[in-house]
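To start, the structure under review is shown below, and the notes come after it.
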Amino acid sequence: MKFISLKVLSVISFLSLSFTGYSTSSYAESNSTVTNMDQLPYNLIEDVEVMDYQVQENNIVTETENFTSNINLDDNEITYTDSEDNSVAISIDDPDLKFVENVDGTIVYENEEEGYSVDNQILDGGFRQLFSIESESSPKTYKIDLKLDEGSKLVEKNGLYFVENSEGEIIFNIGKAWAIDSEGNFIESSFKQEGDSLYQTINYSGTNYPLTADPLFCSDTIDNTATKWNSSYNGGKGTLSVVTRTCTKTYITAHWVLGPSVLTAISQSSLMKDMWAELKADASFKSHVSGSKEGRIKDQFICHAVNPLTIYKSPWNLEPWRPDLSLALTYKNKCNPE
């Protein structure tokens with residue numbers, strides 16, 4: 001028998017309360033009660049795996065069929081290019097930030113005098129930085145410079161940031177700003193845009209140092225190569241087995257803590273729209289999900305994203321033959337409506 005940990009149950013409890021009366025509106029108006037990292041089923045620091053890499057002179061390089069990335073050791077710069085040649089490069093505006101070490105793919109830079117360090121990490125589907133802020137005298141605002149392709153731009157909408165290309169397509173989703181103290185308590189953090197730069201500010205007056213903060217950039221959301229139709233599932237009824245990226249799961253988890261509503265924040269986010277568009281473009285989806293069945297598949301899809309018992313499963317199994325219920329009832333049935 002498998003037992004569910006208390007930290008998973010704590011997340012389930014606030015999500016379940018959202019469905020009082022099983023109305024979608026009650027869910028949309030709900031608030032998260034997560035205040036500490038230990039309440040999450042997925043640790044936003046320790047459970048995030050970095051990609052394999054090669055060392056090439058002064059660069060850490062990751063190459064896959066979906067993207068290529070490069071971390072320059074001299075310039076604390078991450079460059080990420082997707083399969084369609086969209087690219088972005090980010091770096092911290094601090095000439096005194098120096099490379100310290102490579103810890104199994106986590107590239108550490110430090111400004112010893114200012115009392116902070118930055119970890120650069122390449123993830124499946126994106127990349128991120130982790131600021132470690134050592135003391136009260138350390139900086140609490142950091143300027144993240146973006147180098148974009150010609151015609152691309154940094155955009156903010158409803159408190160979320162993303163990068164659009166010259167055709168207005170979202171090519172990078174930026175996760176909500178978050179930060180914790182040394183006890184794992186979430187503390188106030190926010191982004192502010194100036195041109196092609198993001199400023200992340202951490203507001204903190206306590207004494208539990210060091211603090212950790214995380215800017216996250218997600219590009220590819222679904223592994224279409226691994227997403228397949230399994231015709232033998234449930235006695236031959238079949239299932240669409242969807243494999244989501246590490247960056248996607250990390251992005252969504254942060255919304256449990258920071259979003260005013262899990263459903264609203266996730267279902268209306270640019271990332272979820274990108275995920276849904278990418279899934280609909282998948283060959284297995286086109287072959288096995290008719291237009292009349294898209295609604296129920298979308299409800300199951302969103303349910304897997306907001307449900308702490310399913311978001312970390314791989315794959316997510318979606319079945320067009322299941323009944324077409326509301327999103328609330330789909331969630332009540334553990335994403336498998338009967």
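- With rounding to the nearest 0.5 Å, the separation of NZ in K286 from NZ in K280 is 10.0 Å.
- For CD of E101, the number of neighbouring non-hydrogen atoms (other residues, nucleotides, ligands) closer than 6.0 Å is greater than 12.
- Checked against the 6.0 Å centroid threshold, Y142 and F131 count as a close aromatic pair.
- Remark: D181 CG to M37 CE distance equals 10.5 Å, nearest 0.5 Å.
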Any chance you could lay out the side chain to side chain contact (heavy atoms under 4.5 Å, CB included) test for L130 and T212, step after step, and finish with the verdict? CA-CA 7 Å; L130 285 171; T212 303; 4.0 Å; yes

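- Residues C218 and L271 approach most closely at CB-CD1, 4.0 Å, considering heavy atoms.
- When Y80, Y251, Y161 are each tested for a ring-ring contact (aromatic ring centres under 6.0 Å, His included) with F172, only one passes: Y80.
- Other residues, nucleotides and ligands contribute more than 12 heavy atoms inside 6.0 Å of the CD atom of E156.
- Other residues, nucleotides and ligands contribute more than 12 heavy atoms inside 6.0 Å of the NZ atom of K140.
- Within 6.0 Å of CD on Q193 lie more than 12 heavy atoms contributed by other residues, nucleotides or ligands.
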Under the side chain to side chain contact (heavy atoms under 4.5 Å, CB included) rule, what do D299 and L325 come out as? Steps first, then yes or no, please. CA-CA 8 Å; D299 284 348; L325 305 180; over 6 Å; no

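- Using a 4.0 Å cut-off between charged side-chain N and carboxylate O, K147 and D196 make no salt bridge.
- In this structure, OG1 on T221 lies 9.0 Å from CD1 on I252, to the nearest 0.5 angstrom.
- Rounding to the nearest 0.5 Å places OG1 of T239 at 11.0 Å from NE2 of H288.
- The local environment of CD in Q56 is crowded, with over 12 non-hydrogen atoms from other residues, nucleotides or ligands closer than 6.0 Å.
- Looking at S87 and D85, their side chains never bring a donor and an acceptor atom within 3.5 Å of each other.
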Evaluate E63 against T68 for side-chain hydrogen bond (donor to acceptor under 3.5 Å, both in side chains), listing each step before the verdict. CA-CA 4 Å; E63 294 183 337; T68 59; over 6 Å; no

Stepwise salt bridge (charged side-chain N to carboxylate O under 4.0 Å, His left out) test for K98 and E110: CA-CA 5 Å; K98 305 299 183 183; E110 183 179 20; over 6 Å; no

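- Side-chain atoms of N111 and D96 form no donor-acceptor pair, as typed in the model, at a separation below 3.5 Å.
- Heavy-atom neighbours of D52 CG from other residues, nucleotides or ligands within 6.0 Å: at or below the threshold of 12.
- Side-chain contact annotation: S83 with N66, donor-acceptor N/O pair under 3.5 Å absent.
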Could you give me the CA-CA distance, side-chain angles and deciding distance for L279 and L240, then say whether side chain to side chain contact (heavy atoms under 4.5 Å, CB included) is met? CA-CA 10 Å; L279 179 60; L240 183 62; 4.0 Å; yes

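- To the nearest 0.5 angstrom, E319 atom CD is 9.5 Å from K237 atom NZ.
- A side-chain donor from one of S241 and N317 sits under 3.5 Å from a side-chain acceptor of the other.
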